[in-house]
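Below is one structure, written out as structure tokens, with a few remarks after it.
First the proteins, then the strands, lettered A, B, ... as listed; each starts at 1. What you see below is based on every heavy atom in this structure, not just the backbone, and it leaves out hydrogens, waters and symmetry mates.
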There are 2 protein chains.
Amino acid sequence: MADTSGVPEPTLDEQIAAYQREFRDLDPQVEKIVSALGRLNRRMNVAYGRQTANLGISSADWEVLKALVLAGDPYRMGPSDLAKRLGLTPAAMTHRIDRMVTEGLVTRERDESNRVRVIVELTPEGRGKWLEAMRMATVFEEDLLQDLSPDERTVLGEVLTRLLRRVEHAQPDAGGRLSDLD
Amino acid sequence: MADTSGVPEPTLDEQIAAYQREFRDLDPQVEKIVSALGRLNRRMNVAYGRQTANLGISSADWEVLKALVLAGDPYRMGPSDLAKRLGLTPAAMTHRIDRMVTEGLVTRERDESNRVRVIVELTPEGRGKWLEAMRMATVFEEDLLQDLSPDERTVLGEVLTRLLRRVEHAQPDAGGRLSDLD
DNA sequence: TCTGAAGACTTAGAAGCTAAAGAGTACATA
DNA sequence: TATGTACTCTTTAGCTTCTAAGTCTTCAGA
């Protein structure tokens, strides 16, 4: 584990002030919204990560569990569909499934009706881990939002989905990957 | 590059509906806010990633450039301070700096007043890349938010900083790492 | 001068990814 | 039936980036 003590991250306002100092054409209000979004997400992911780590599952495991649960009962997908869904190569998916099989989270077997295909299926234990992670996550989320009034929740949800629609429309398909610009 | 065609991600509403089906105790409004936050952030990061990739810098490069710029003129930090700031081990920082020196983004030299220390300094080219990345990012961000009224911007900024304060208070220091639970 | 602490680097190795080659299965067509 | 082709998954080789542990250099204090 890397040492993260000392050398603290600047506060949001300090960072915005520094940006304005180093970069003239900056709307501080826009930057504050965007930076807060990035930071909020980063902190939330740290919290989720701690919770799932306590369950003994990695973020890679989590992604696969989520995809299988969203597929609905009987919680099955093929490796290449999973790979496309998660943006991995089939080779990477093979290794990931190997690990998850040994962890007891999923099973892998040939499709008897078409023996070219392979079926990855959630085990009861895998589904249990997903449910437990969701339970912890929702407790955290409720707590996070508890200071927001009903009106604020409505507005926030509406505005965020509007932004999401805009960003999805602006970029039809994916490219690189990057942590928050923040 | 992994194939990401076909097998589309469910829409936000489809996903919420699936979560409700699979997990009883779920406040759909809370989940919608949280999921929209996660997705929005993910899409934004993809956009940033494309932009910086066009400049020939990686997300790792970007993090270092940002830290040095935020340090202010003369844009200097020691490797271990950078490592702590970015949550890496000093060894990883050494390699990252190696790469960035060959890319001409930073210089590395011994501190003559204390020869144990090393000083990493932003080059004019590195600063130029940061400025250019910021320029592209702000254009994208202005465009993203353009449909929001002044009132909506004010409320959004205020609510997000409130949430940020809450999440920062709730978890003083970091733990694991995870992509969006979404 | 000696010694311990601290900072940066080196080495060895683990994890996870990609690209490309390989193996097995299904199916269309002769 | 035989065979070529396509499809799916796995294997192999190699790359990148990280951590852990050890080394080297420098500085500060006894």
Item to check | Nearest listed nucleotide, side chain of Ser80(A), among dT8(D), dC18(D), dC9(C) | outcome: dT8(D)
Item to check | Separation of dA6(C) P from Lys84(B) NZ (nearest whole Å) | outcome: 11 Å
Checklist outcome for this item: Per atom distances to the Ala91(B) side chain, the nearest of dC9(C), dA20(D), dG7(C) is dA20(D)
Item to check | Given dG16(C), dC9(C), dA26(C), the nucleotide with the shortest approach to the side chain of Asn114(A) | outcome: dA26(C)
Item to check | Cluster overlap Leu160(B) with Leu12(A), hydrophobic side-chain contacts below 4.5 Å | outcome: yes
Checklist entry - Are Val116(A) and Met77(A) connected in the hydrophobic side-chain network, where two residues link if heavy atoms are under 4.5 Å apart? => result no
Checklist entry - To the nearest angstrom, how far is His95(B) atom NE2 from dT19(D) atom P? => result 10 Å
Checklist outcome for this item: Ile97(B) atom CD1 is separated from dC9(C) atom P, nearest whole Å, by 6 Å
Next on the checklist: Please pick, from dG24(C), dG7(C), dC18(D), the nucleotide with the shortest atom-to-atom distance to any side-chain atom of Val116(A).
Outcome noted: dG24(C)
Next on the checklist: When you measure from the side-chain N and O atoms of Arg99(B) to the phosphate of dT17(D), is any distance below 4.0 Å, counting only OP1 and OP2?
Outcome noted: yes
Checklist entry - Between dC27(D) atom P and Asp111(B) atom CG, what is the distance in whole Å? => result 9 Å
Next on the checklist: Side chains of Asp111(B) and Ser113(B) only: does a donor on one sit below 3.5 Å from an acceptor on the other?
Outcome noted: yes
Checklist outcome for this item: On DNA chain C, more 5' by nearest nucleotide between Glu112(A) and Ile119(B) is Ile119(B)
Checklist entry - Touch check for Pro79(A), heavy atoms < 4.0 angstrom, all strands: base, sugar-phosphate only, or nothing? => result sugar-phosphate
Checklist entry - Any sub-3.5 Å donor-acceptor pair from Ser80(B)'s side-chain atoms to Pro90(B)'s backbone N or O? => result no
Item to check | Protein-nucleotide distance (Glu109(B), atom CD; dG7(C), atom P), rounded to Å | outcome: 19 Å
Next on the checklist: Considering every strand and a 4.0 Å limit on heavy-atom distances, what is the contact class for Arg110(B): base, sugar-phosphate, or nothing?
Outcome noted: nothing
Item to check | d(CE, Met93(B); P, dA20(D)) in whole Å | outcome: 17 Å
Item to check | Geometric class of the Trp130(A)/Trp62(A) ring pair [parallel <30°, tilted 30-60°, perpendicular >60°] | outcome: parallel
Next on the checklist: Categorize Thr94(A) for me: base, sugar-phosphate, or nothing, with a 4.0 angstrom heavy-atom threshold over every strand shown.
Outcome noted: base
Checklist outcome for this item: Testing dT10(D), dT18(C), dC9(C) for proximity to the side chain of Ala92(A), the answer is dT18(C)
Item to check | Value in whole Å for how far the C1' atom of dC9(C) lies from CG of Leu88(B) | outcome: 16 Å
Checklist entry - Below 4.0 angstrom from OP1 or OP2 of dT25(D), is there any side-chain N or O of Arg115(B)? => result no
Item to check | Distance in angstrom units between Arg108(B) CZ and dT10(C) P, rounded | outcome: 8 Å
